[in-house]
Each structure stands twice: as structure tokens, then as C-alpha cells.
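Below is one structure, written out as C-alpha cells; comments come after it.
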Amino acid sequence: MPIGTTITEYFIEEQRRIKGVSGDFTALINDIVIACKAISSAVRYGSLVGVLGAADTENIQGETQKKLDVISNNIFINRNEWAGHVAAMASEEMADVYHLPTQYPRGKYLLVFDPLDGSTNTDVNGPVGTIFSIMRRPEGATGEPTEEDFLQSGVRQVCAGYALFGPSTMMVLTTGHGVNGFTLDQRIGEFILTNPNMRLREETQDFSINTAYMRFWDPPVRRYIDECLAGKEGPRRKDFNMRWAGAMIADIHRVLINGGVFLYPTDRKLRAKNQEGKLRLLYEANPMSFVVEQAGGLASTGTQRIMELQPTNLHQRCPVIMGSKSEVERIVSYHLEAQ
Ligand code: AHG
Ligand code: MN
Ligand code: MN
């Protein structure tokens, strides 16, 4: 049986196309791929290896960590700290910038990640994933990287993507030249290119939002969802479907395959806690926005392009509305009309 294009082969070919590239980036991707395979394995064996349940610790956002949040974070760190491609890392599960141990060489890339997205799904055998984003360290920066070095807008991402641990394990990523999807062939332990040049469908009737928060929504979000719910009898003149996986990675992956829109907007309840949205800009919203935009979709807060937001801290949150272009444009227009 012929083996398809492996993810390593794909990136080496990409590297050959771009003049003056050192191979550092390809080597970094390779380590991220190995980390994702290791996390996939930990997730898959679940109770058999005692990794489910809470870790009895809290992260910087005050969320109880799952054992798998901690395990996945450690896997990602260990795999990416030694090779000399990364200057420093930051993650949902660490309060501050992670500085590499002194014995390892420093590279030119900054790596940010959500080691396990949707981690409440682990205990119910639901889909989870890993999200990552790669930026260059700012020109001229010296010494150990600081938080400031990480506070770059999403348009400056060099590469972003995710691994989705569902019935099969997939990696979907972009370097700014479209989006490609790879499926882990467990028989040979390699990610194989299965979804080249992924494009978001325009014609869609799916929306994804946690309707439990409906009473707290702002009027533009309420208007959009009310119109979807009105179906054929409403202004949209068609019936819609609602889906919510509890892991943005799984919801946005579905949007990439089937079209539609994913919303985690800000609302009255979040504002009362001084939060603008729930999802984090640097390691959730920005990487997923890069992928969605590169697949022909849009990603907005409702009033601003997510990737143009200037981050002010590592764990900053933002409202997230992303998916098929015409749907996001519609929701943005409702926000603008309401201003
Ligand atoms: P994480 O597990 O990394 O903290 O992220 C969970 C996020 C996101 O993946 C998901 O869409 C959302 O939280 C679900 O939030 P609700 O429980 O409020 O629906
Ligand atoms: Mn997450
Ligand atoms: Mn997480």
C-alpha cells in the first residue's frame, strides 16, 4: 500500500520552495508534531493509564486543572525546549513566560499553546485538542524573552494550527499559504496529508454557540441567533442546525469541514467579571482565526478583526465569532448597526 505525503515531507517540500530558509522552522514543526502524537496517545488510553480526572491544582485563570491539562503541558514543553529553535514559550497552563533551562540554546521563535482545549470533555470521552501558534521574536530583542515579546497581534503569526483528538487524530495547520489537514495513520505513526487546501463552504446552515448564556447576550448576537432559530418562517428563509461540542477546536473543525459559524461572544455575565469574552487571544482565538481566514473565512470580535487586536497580556481574553464569510459579515453588520 503506498504511503501518502507525510507531514514532514510536506514541510520539507515547502522549505525547498522558500529561499533562504534554514530548516529551523521545519525542525520546530517536527517537534510540535511529536508532542501532538504523544498527547494523542495519553488522551487515547484514558482510564487505562490513570490520566482522567482533576489534578487538584488551579491555573492562572482560576480554572481547576485536569490531570491531562498538566500532562499535555509538560509534553509540549519537554518536546520543544531542547532543540534550539524556540526562544521561550507561553501556555494557558502557566502564569508567566516559560524560560528554557539554561543548558539549551535559544532560537528565534516564540511558541504559545493551549495544551488541551476542551479539557472538560476528557472525562466524558469527548473530543479535545491542542492549539499552537508560532511567532518570531521581535527584531533586535536581546536577553531572555519577556512577556512584551509575546504581545504581538495575530497578523504576525508565522504558523498556527491544531491537533484534534477525535475518532481519528488530525493536525490542521497554516503558514499563511492556505490550510492543510493531516490524519494520523496509527499503523505507521505518521500524519498523512488527507485534506489538502481546506476551504470553508459559503452555503451553510450550522451555528455553534452555548445557548445556556442566551439571557446574557448582547442584542446583535441575540438577533442573529433568533433569526436562525426562526428558520424557514423567519428572515433567513431556511432552517438552521445547532451544534456545541464544548471544545472550540472540535466546533471550529466542523465549521471548516461543513461551513457555518462558531460564536463565543462576550456577554453581560462575563463583563460583570471584568472579562471581554472567555476564550484567550494568544493561544486560542488568534491561531484559530489564522486557520479560518486562510481557509477563506472570517474571524471577528463583532466589531474588530481578531488578528488585528493588540494584546496587552499573555492571558487576555476576547469575544470570538468565526466561520463562513457571509455569516460573520452579517453578525458584524448587526454589531455595527447597534453601535
Ligand atoms: P479549555 O479547555 O482550554 O479551558 O477551553 C475550553 C473552552 C473552549 O474550548 C470551549 O469552546 C469553551 O471553553 C466551552 O465553554 P462553556 O463551558 O462556557 O460552553
Ligand atoms: Mn482552550
Ligand atoms: Mn486548555
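Order of appearance sets the numbers: ligands from 1, and atoms from 1 within every ligand.
Aromatic ring centroids of Tyr10 and Phe182 lie under 6.0 Å apart. For Tyr224 and Trp217, the ring centers are positioned 6.0 Å apart or more.
When Glu63, Lys278, Glu284 are ranked by how near their heavy atoms come to atom 13 (O) of ligand 1, first place goes to Lys278.
At a cut-off of 3.5 Å, with distance as the only test, a side-chain donor of Ser326 or Glu202 sits close to an acceptor on the other residue. Under the 3.5 Å distance criterion, with hydrogens and angles disregarded, no donor-acceptor pair is assigned to the side chains of Ser133 and Asn286. Looking at Arg305 and Ser289, their side chains never bring a donor and an acceptor atom within 3.5 Å of each other.
Listed by chain and number, the protein atoms of type N/O/S under 2.8 Å from the Mn ion (ligand 2) are Asp114 OD2, Asp117 OD1, Glu284 OE2; waters are omitted.
For atom 19 (O) of ligand 1, the closest non-hydrogen atom on the protein side is Asn210 ND2, 2.8 Å. The shortest contact between atom 4 (O) of ligand 1 and any protein heavy atom is with Glu92 OE2, 3.2 Å.
For Thr120, no nitrogen or oxygen atom sits less than 3.5 Å from a nitrogen or oxygen atom of ligand 1, counting backbone and side chain alike. Close N/O approach between Phe262 and ligand 1 is not found [any backbone or side-chain N/O within under 3.5 Å]. For ligand 1, the polar-atom distance check finds an N/O of Met248 within less than 3.5 Å of one of the ligand's N/O atoms.
Heavy-atom proximity to Ser119, at under 4.0 Å, picks out these atoms of ligand 1: 2 (O). Each of the atoms 3 (O) of ligand 1 lies under 4.0 Å from some heavy atom of Asp114. Near Gly118, meaning under 4.0 Å from one of its heavy atoms, ligand 1 places the atoms 1 (P), 2 (O), 3 (O), 5 (O), 6 (C), 9 (O). Residue contact check: Gly246 has heavy atoms under 4.0 Å from atoms 10 (C) of ligand 1. Here is the list of ligand 1 atoms found below 4.0 Å of a heavy atom in Ala247: 9 (O), 11 (O).
Looking only at distances, a side-chain donor or acceptor of Thr301 sits under 3.5 Å from a matching main-chain atom of Thr303. Asn74 places no side-chain N or O within 3.5 Å of a backbone atom of Ile71 that could act as its donor or acceptor partner. One N or O on the side chain of Asn80 and one on the backbone of Phe76 form a donor-acceptor pair closer than 3.5 Å.
Under 4.0 angstrom from ligand 1, the non-hydrogen atoms of Asp117 come from both its backbone and its side chain. At a heavy-atom cutoff of 4.0 Å, ligand 1 is contacted by no atom of Lys66, backbone or side chain.
Proximity of Leu116 to ligand 1 is established by a heavy-atom distance of less than 4.0 Å. Using a 4.0 Å heavy-atom cutoff, Met288 is absent from the residues neighbouring ligand 1. The closest approach between Gln61 and ligand 1 stays at or above 4.0 Å for every heavy atom of the residue. At least one heavy atom of Leu279 sits closer than 4.0 Å to an atom of ligand 1.
A perpendicular orientation is assigned to the rings of Tyr162 and His253, their planes being inclined by more than 60° (bins at 30° and 60°). Using cut-offs of 30° and 60° on the angle between ring planes, the pair Tyr264 and Tyr213 is tilted.
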With side-chain contact (heavy atoms from CB on, under 4.5 Å) as the test, would you mind laying out the steps for Ile12 and Thr26 before giving the verdict?
-> CA-CA 7 Å; Ile12 289 174; Thr26 308; 3.9 Å; yes

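The residue from His335, Arg223, Arg271 that alone fulfils the side chain to side chain donor-acceptor pair (under 3.5 Å) condition with Asp218 is Arg271.
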Pairs of donor and acceptor atoms involving the side chains of residues 1-9, under 3.5 Å and at least two apart or interchain, shall be tabulated with distances.
unit_1	atom_1	unit_2	atom_2	d
Thr6	OG1	Glu9	N	3.1
Thr8	OG1	Asn30	OD1	3.4
Glu9	OE1	Thr6	N	3.3

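No continuous path of hydrophobic side-chain contacts links Phe11 to Val172 [ILVMFWY only; heavy atoms under 4.5 Å].
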